[in-house]
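Proteins get letters first, then strands, A, B, ... in listed order; numbering begins at 1 in each.
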Amino acid sequence: MAEAAAPLLDVRDLKTHFKTEGGLFRAVDGISFQVHRGRTLGIVGESGCGKSVTSLSIMGLVPQPPGIRAGGEILFEGEDLLKKRPAELRRIRGGEISMIFQEPMTSLNPVFTVGDQITEAITAHLPLGAAAARERAIAMLRRVRIPSPERRIDDYPHQMSGGMRQRVMIAMALACEPKLLIADEPTTALDVTIQAQILDLMRTLRDETGTSIILITHDLGVIAELADEVVVMYAGKIVESASVKALFADPQHPYTIGLMGSIPKLDEQRTRLASIEGTVPPPFALPEGCRFNPRCPFADDRCRREQPPLRTLRDGHAVACWKAPLEEAA
Amino acid sequence: MASDPITAPAYTGKDPSRPILKVEGLVKHFPVTSGIIMSKQVGAVKAVDDISFELRRGETLALVGESGCGKSTTGRLVLRLLERTAGRVEVDGEDIFGLDRQALRRKRRDMQIIFQDPYASLNPRMTVGDVLAEPLRVHRVASGAAIQARVEELLGVVGLAPYHAQRYPHEFSGGQRQRIGIARALAVNPKLIVCDEPVSALDVSIQAQVVNLLQDLQAKYGLSYLFIAHDLAVVKHISDRVAVMYLGKIVELADKGTLYANPRHPYTQALLSAIPVADPEVPHGRGIIQGDVPSPLNPPPGCRFHTRCPHARERCKIEEPAFREFAPGHQLACHFAEEIAIPDTVRARQATQISDAYRRRLAAYESQQQRRRTAAEETTA
Ligand SMILES: Nc1ncnc2c1ncn2[C@@H]1O[C@H](COP(=O)(O)OP(=O)(O)OP(=O)(O)O)[C@@H](O)[C@H]1O
Ligand SMILES: Nc1ncnc2c1ncn2[C@@H]1O[C@H](COP(=O)(O)OP(=O)(O)O)[C@@H](O)[C@H]1O
Ligand code: SF4
Ligand code: SF4
Ligand SMILES: [Mg+2]
Ligand SMILES: [Mg+2]
C-alpha cells in the first residue's frame, strides 16, 4: 500500500542475532517493513520465527549480550532508534512507543497495585502531578471498560482475571497516547469471548486515537480481524507481505498457503487438514537456500541452493519464493 | 475436495445401543478452607455440578467452554483420576466408582488420557522408550523382548522413528512430545481416550499434524474420544457431537451439524459469534457478551449465565433452567430457547469467502505434498 506520507516507522534490513555457545542465532535476519500512521501492521508466523525479537528490537529491549545488533535501521519519524542513547530510548519507550505483552501477569508487577503501575507510567512521560495522574489512570481504566474503575484501581494484579489484566496492560500502554503500540500476542492467553472483547477494544481505541499498531500473532484469524497490512515471517525472514485483503484473496508463498490450510474452516468440512510437515528450523541450523525448503512440497535444487529474494509482484504485495504463483509450478 | 482413504470409513464399530461412556448426575465440589492450623471449610468450588451425557463407541464428543468451566475436572472424573462428590460414571457398562483398587487398575487399560502440556506430562529423566514401556509393564501387556517390539510399533504408529526410543523428552519439539503422549496412551490398547486440550499448546501447522493423526488412529483402532478443547473451529473439524459447558453445567449438547447451524442457547451463540475467522471481509464488531465468567465459588442464582446473557429476564435470576430435550438429540438449559433467534453474527462467521486463487494453490500444495510422500515411501520401501 504505497502512501504518499512518510511512514511512522520504517524498518530497513534489520538484523538481530544472538551469540551463544551453540553458535550464531540469526533470529531476525534482514527484514524490512513500514508502519503508516493510523494503520495496523500484522506480523504472523509460527513460534520461534522471530516475531518477538523483532518487537524487542524496535523497543530497544533485546538483552545484549547475547543479542547483537547485526545491521539495519529502525527509523521512527525519520530518526534511527538504533542510534539513540539509552536515556533517549527510555523516554520514547512507554511514551511515544509502548508495548503489550502476551502474558500480562509477567509484565505487571505483582507487589504494586495496578493504579500505582499506571500512574508511574503516566508521570514518567507526562508533566502531571500525583492526583492528576491518578485521575487519568481511572479514566484509562474506564476507557478499557474495567467496571467500577475507582475501586479496581487499588487492586493488585492477582485480584483480577486474565482478561482484566490484559485490559489494564492496554490502559497502561495507551495512557501516554503513544504514536505506536506494539502488541505481542495480546490475546493468545485468553478465552475466545474475552479475546473478542479485547480485539473490539483495540479496534475502537485505534479508531478513536489514530494510534498505529504492530500486532504480532500466530493466529491468522486475529490478523483478519484487526490488521490492514500483513507480514508473514518464517525463520527470521519475511516470506510474504501484502494488504490483509490481498493476502487472503491471493496468498502466494507455500508457507502462507500451508498456514491457511492448517486452520480448520468453520464453513467447510474437510476430511483432513492440510499441514506443513516438520517444524521451524532452529536459527543456528538454518538450511541453505530458501529457509522453507525442507518443509516445502515444491522445493527443487535451485531452492536448496539459492535464497529467493523478496520480490514485488504488484503494488504492495511481495513474496520470497522462486515458484510463485504456485499453480504454474505444480 | 480430496477425501482421504484412511479417514473415510471412520466410526465403523459404532454401536449406539451401548455407549462406551455414560455419565449421570456427576458432581464435583472442591472444598475451600480458611485458616492454617484449625482449617475449616468455608465454601466449595462447584467445578462440575450435575452433568449427564453419553459417549458412543467410535465417536468423538467435544467438551467446550471458557477457562475454569470444569472441562478438565470432568475429564479426570471420567477416568476416576479424581473422586466424585456425587453421580455415576459407567465405562463400557461398568460403574468405575464401584471398583476396588485392583479392578480400577485393570480398568485403566480401557481408558487413557492425553494432556494439553506435552512438556509437563512426560518425566524428563526417562527415555521415550522407558516412557512407552512403563504402561506395558504395569498392565502386563507385554514382557521381555516383546516390549521393545511394541515400543517400536507404537513409535511408528504416531509417526516417530525407532531410534527415538533412546532420546529424552527435552530433545523433542512440542508436536513430537504430543505424539509421544499419544503413543503412551495407545500402549495399552484403550477403548476410550480423554483428550484434554491436546493441541491447544501447539502452533497451527503442528496442530493440524496432530489432529490428522488423532483422526487416523480413531479410524484404525475404533477409539472413542472425549475431546476437551476451547477452539471451536478445531472442535467442528474433529467431533461428532458437542457439549458446551458454562460454570460447571452443560448448557447445550447436540450433534455438530445442529450445534453450529442451529445453536439455541445464548451462551453457545456468544461463543460462535466470538470466533476470529481468517477472512477480512467478515464484518467485525459483533454482539459479543460483556464481562468475565463469575466465580464458581459463588455462581449466580437461577440461570448461571444470566449475569452475561443478553436475553435474561426476571425468571432467569430466580429459577434455574432444566437441562431438557429441545429437539430429538438436541438438549439445552434455557427457559426461552424457543423464542431466541440465532444472531446474524453466528451465520456470518460460517460463511467466509475462500478465494479461487487460494483454493487452486492449496490444491497444488496438497497434490505436490502427496506426490512427494509417495515418492519417499517408494525409496524407503
Ligand atoms: N484441586 C482443586 N481444588 C480446588 N479447585 C479446583 C481444583 N481443580 C480445579 N478447581 C477449580 O474447578 C474449576 C474447574 O476447573 P477445570 O480445571 O476443570 O476447568 P477447565 O474447564 O478445564 O479450564 P481450562 O480451560 O482453563 O483448562 C475452576 O474454578 C478451578 O479453579
Ligand atoms: N535472549 C535470547 N538468546 C538466544 N536466543 C534467543 C533469545 N531470544 C530469542 N532467541 C531465539 O530467537 C528465535 C526467535 O524468537 P522469537 O522472536 O521469540 O520467536 P516468536 O516468533 O515466537 O516470537 C528463537 O529461536 C529464539 O530461541
Ligand atoms: S523458493 Fe522453493 S523452497 Fe522456497 S518456498 Fe518457494 S518453492 Fe518452496
Ligand atoms: S435461561 Fe435466561 S439467562 Fe439463562 S440463557 Fe436462557 S435467557 Fe439467558
Ligand atoms: Mg513470541
Ligand atoms: Mg483444563
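The side-chain contact (heavy atoms from CB on, under 4.5 Å) test with A:Val144 is passed by exactly one of A:Arg167, A:Met202, A:Met169: A:Arg167. Exactly one residue among A:Ile198, A:Thr40, A:Leu226, A:Ile213 makes a side-chain contact (heavy atoms from CB on, under 4.5 Å) with A:Arg203. That residue is A:Leu226.
Comparing B:Gln176, B:Arg372, B:Gln350 by heavy-atom pairs within less than 4.5 Å of chain A, the highest count is held by B:Arg372. Note: A:Ile257 leads A:Val244, A:Ile257, A:Leu247 in heavy-atom pairs under 4.5 Å with chain B.
Contacts between A:Ile223 and chain B at a heavy-atom distance below 4.5 Å are absent for every atom of the residue. With a threshold of 4.5 angstrom between heavy atoms, A:Ala246 does not approach chain B through any atom at all. Interface residue B:Ile354: only side-chain heavy atoms are found under 4.5 Å from chain A. Contact of B:Tyr358 with chain A is made through backbone and side chain together, with heavy-atom distances under 4.5 Å. Both the backbone and the side chain of B:Arg361 come within contact range of chain A, judged by heavy atoms closer than 4.5 Å. No part of B:Arg347 comes within reach of chain A, as not one of its non-hydrogen atoms sits under 4.5 angstrom from that chain. Contacts between B:Gln209 and chain A at a heavy-atom distance below 4.5 Å involve backbone atoms as well as side-chain atoms. Proximity to chain A (any heavy atom under 4.5 Å) is shown, for B:Val234, by both the backbone and the side chain.
Crowding of B:Asp344 atom CG: a count of heavy atoms from other residues, nucleotides or ligands under 6.0 Å not exceeding 12.
The aromatic rings of B:Phe305 and B:His265 sit tilted, their planes meeting at an angle between 30° and 60°. The aromatic rings of A:Tyr255 and A:His253 stand perpendicular to each other, their planes meeting at an angle above 60°, with 30° marking the opposite boundary.
With hydrogens and angles ignored, the 3.5 Å screen pairs a side-chain donor or acceptor of A:Lys51 with a backbone N or O of A:Gly45.
No hydrogens or angles considered: a donor-acceptor pair under 3.5 Å links the side chains of B:Glu66 and A:Thr193.
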